[in-house]
Amino acid sequence: MITLRTHSIVVCSLLLFYLMISFCFAQQNIRKRNFVIMKGRRILPSNTKIMTKIVQSYMACAALCSKQETCCYASHDSNTHRCDLDVSCCPQSEPLLGAIMFRILSVSLSCQSGWHKFGNNCYYISNVTKSWNDAEVTCKQNGSMLAEVKSSCENDFLKTKVNGSLEYWIGGTDIQNENLWIWSSSETKLTFFDWSPAQPNNYYGDQHCLEFNYKSAWNDKECALLRPFICEKSLLQ
Ligand SMILES: [Ca+2]
Ligand SMILES: [Ca+2]
């Protein structure tokens with residue numbers, strides 16, 4: 001009788017333990033998305049815009065943003081009912097009476113060890129040096145890409161994370177068409193720039209890769225040179 005009772009207690013304890021563990025893992029998998037709201041501002045149109053739609057309320061706009069995995073910011077104008085969704089976690093904005101701008105926070109998601117979180121992305125700053133091509137391959141092997149720096153605040157964030165005395169490869173290149181700079185992974189044109197004065201100069205006609213943190217800005221550099229590099233991946237993949 002006592003053995004049976006002990007057995008029942010052990011089974012119940014194991015079951016409870018299993019349920020607790022399952023619950024913890026389930027919690028980790030939840031993409032909890034909260035909003036940070038700013039009244040009286042709206043997002044300005046930019047190349048990082050996902051879509052514009054007419055919807056009746058800002059909550060409907062928020063729901064649209066929630067459905068778009070890459071949406072970081074959205075705004076809703078109560079007069080025109082215009083809802084703008086944007087990929088950027090620091091979009092250009094302007095004051096507009098009756099508008100509500102809100103940021104989607106993926107608060108429950110965190111980056112793996114050694115990666116830095118900014119917005120909905122994780123960044124890895126390498127401490128080994130590679131050519132631009134090898135750096136690109138290495139990022140891809142780690143499920144990421146060479147960083148695509150698309151806004152001034154993303155740019156400023158990365159400047160605070162790198163070693164100030166080193167230059168790093170990021171994902172821009174003009175190797176296919178001289179002076180037509182694209183982000184290699186997303187194959188999109190660069191629209192935000194932080195060139196150092198007199199750059200890009202395509203020195204000796206052989207500089208086609210984007211060097212980050214050259215005199216605290218950007219430079220075009222020979223792709224075969226060895227540099228540390230910055231990888232980027234989305235938290236929402
Ligand atoms: Ca060039
Ligand atoms: Ca240069």
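Atoms within each ligand, like the ligands themselves, are counted from 1 in listed order. These numbers come from the heavy atoms of this one structure, side chains and all, not from hydrogens, waters or symmetry mates. If you read the sequence from its start, that first residue is 1, and numbering goes on from there.
Note on Asp220: not counted as a metal contact of the Ca ion (ligand 1), no N/O/S atom lying under 3.0 Å. For the Ca ion (ligand 2), the set of nearby N, O or S atoms under 3.0 Å includes none belonging to Tyr214. Not a single N/O/S atom of Glu211, whether from backbone or side chain, sits less than 3.0 Å from the Ca ion (ligand 2).
The aromatic rings of Trp218 and Trp183 stand perpendicular to each other, their planes meeting at an angle above 60°, with 30° marking the opposite boundary.
Residues Tyr73 and Cys90 form no side-chain contact, since every pair of their non-hydrogen atoms from C-beta on lies 4.5 Å or further apart.
The minimum distance between the Ca ion (ligand 1) and any N, O or S atom of His208 involves atom ND1.
With the Ca ion (ligand 1) as the vertex, OE2 (Glu178) and OD1 (Asn202) define an angle of 80°, rounded to 10°. With the Ca ion (ligand 2) as the vertex, OD1 of Asn219 and OD1 of Asn201 span 140° to the nearest 10°.
The one candidate from Lys221, Glu136, Lys130 that meets the side chain to side chain contact (heavy atoms under 4.5 Å, CB included) condition with Trp169 is Lys221.
Residues Asn163 and Ser165 have side chains that bring a donor and an acceptor to within less than 3.5 angstrom of each other.
Linking Ile, Leu, Val, Met, Phe, Trp and Tyr whenever their side-chain heavy atoms come within less than 4.5 Å puts Ile230 and Leu210 in one cluster.
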